[in-house]
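Just follow the structure's listing: the first ligand is 1, and inside any ligand the first atom is 1. Residues take their numbers from the sequence shown, with the count starting at 1.
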Amino acid sequence: MIIDRLYKEVEKKGNVCLGLDTHLDYIPEEIKREYKDVDEIIFQFNKKIIDSTIDITSIYKLQIAYYEAYGIKGLVAYKKTLEYIKYNNSLSIGDVKRGDISSTAEMYGKAHFEGDFETDFITLNPYMGFDSITPYLKYLDTGNKGVFVLLRTSNPGAKDIQYLDINHEKLYYNVGDKLKVLASKYRGKNGYSLIGAVVGGTHIDEAKDIRRRYEDIYFLIPGYGAQGGKGKDVSLYLNNGNGGIVNSSRGIITAYKKYEDGYKNFEHYTRQAVLSMKEDIRCEG
Ligand SMILES: O=c1ccn([C@@H]2O[C@H](COP(=O)(O)O)[C@@H](O)[C@H]2O)c(=O)[nH]1
């Protein structure tokens, strides 16, 4: 199952999920001068990042908004990047955060688990109800696809709705408990389900309880770095160093900008950013 592959990748390479949230402003002028078309500029930047981190990164996450924002060419770069990750025998998450009525969800499933934009995992928003999740399950039945469902997000506004008290418990626990029942049907060899959850590394209250309560749910943990999450925070969501991947996007792909010789040593600084993140998580985990 794909979740067992992810588990093994984390064992081998560590918990870093590298976020390819590629804004044109993040790309060095040298690359922009060398390539004419936006799709090629974005792809070549992503390729450099992938090439310099492939042996120390378990999975790459592409936030689709960064590609949609550049229109058709942006989506060409999205497709090329996903293909390149696959070609390198690595794993990908399409961070698409879909959530809609079932007939539309069917089409979202087809769009992101088949065809041009096929990825290994996608993110889903469950707050429209579980009938918005069901259409993706046929892909999970193959064992080759997985999902990460939003549980408790990393943004400050998570508290506006996700923390509301429902049946004497926070809303996210209501969602998590339902997810847990569904997840138990899709467990892989290592005990984790193809149905994972997104938990923000910026909120650490009850993090240990969340980890214990959803023991067979694999976590995608965003919020490290640019949003303020630290190794000691995100590691609360891990289980003996596994059971979760920690995303950092801006913190890694713009790391080179902090140095005067940034572009000249682009690969080195990008790699260093991943290595120090890995170390920060490992020391606390
Ligand atoms: O709760 C959530 C869910 C998703 N995200 C996504 O993760 C990255 C974070 O980027 P950084 O630059 O490392 O802050 C981005 O793609 C978000 O859409 C999240 O931040 N929080």
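Given atom 7 (O) of ligand 1, the protein heavy atom at minimum distance is K61 NZ, 3.3 Å. The nearest heavy-atom contact from the protein to atom 20 (O) of ligand 1 is Q227 NE2, 2.8 Å. Protein heavy atom in closest approach to atom 10 (O) of ligand 1: S249 OG, 3.3 Å. Ranking the protein heavy atoms by distance from atom 1 (O) of ligand 1 puts S154 N, 2.8 Å first. Given atom 12 (O) of ligand 1, the protein heavy atom at minimum distance is R250 NE, 2.7 Å. The single protein non-hydrogen atom nearest to atom 5 (N) of ligand 1 is P222 CB, 3.8 Å, given as residue, atom name and distance. Looking from atom 4 (C) of ligand 1 to the surrounding protein, the closest heavy atom is K97 NZ, 3.3 Å. Ranking the protein heavy atoms by distance from atom 15 (C) of ligand 1 puts D21 OD2, 3.2 Å first.
Salt bridge present: R271 and D55 bring a charged side-chain N and a carboxylate O closer than 4.0 Å. Checked for salt-bridge contact, K8 and D4 miss the test: no charged N lies under 4.0 Å from a carboxylate O.
Between the NE2 atom of H112 and the CD atom of E118 there is a distance of 12.0 Å, given to the nearest 0.5 Å. To the nearest 0.5 Å, atom CD1 of residue I59 and atom NZ of residue K61 are 10.5 Å apart.
A donor-acceptor pair under 3.5 Å links the side-chain atoms of H23 to the main chain of D25, judged by distance alone. With hydrogens and angles ignored, the 3.5 Å screen pairs a side-chain donor or acceptor of R211 with a backbone N or O of Y214.
Using a 4.0 Å cut-off to heavy atoms of T153, the atoms of ligand 1 that qualify are 1 (O). Of all atoms in ligand 1, listed by their number and element, those nearer than 4.0 Å to a heavy atom of S248 are 13 (O).
Residue R152 places every heavy atom at 4.0 Å or more from ligand 1.
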Can you give the donor-acceptor pairs under 3.5 Å from side chains of residues 215-224 to other protein atoms, not counting sequence neighbours?
from : atom 1 : to   : atom 2 : distance (Å)
D216 : OD2    : R187 : NH1    : 2.5
Y218 : OH     : N242 : OD1    : 2.6
Y224 : OH     : D280 : OD2    : 2.6

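A ring-centre distance under 6.0 Å is found for Y78 and Y67.
Residue Q63 touches ligand 1 through its side chain alone, judged by heavy-atom distances below 4.0 Å. Contacts between D95 and ligand 1, counted as non-hydrogen atom pairs separated by less than 4.0 Å, involve the side chain only.
Criterion: ILVMFWY side-chain heavy atoms under 4.5 Å apart, direct or through other members. Under it, M107 and L140 are not part of a common hydrophobic cluster.
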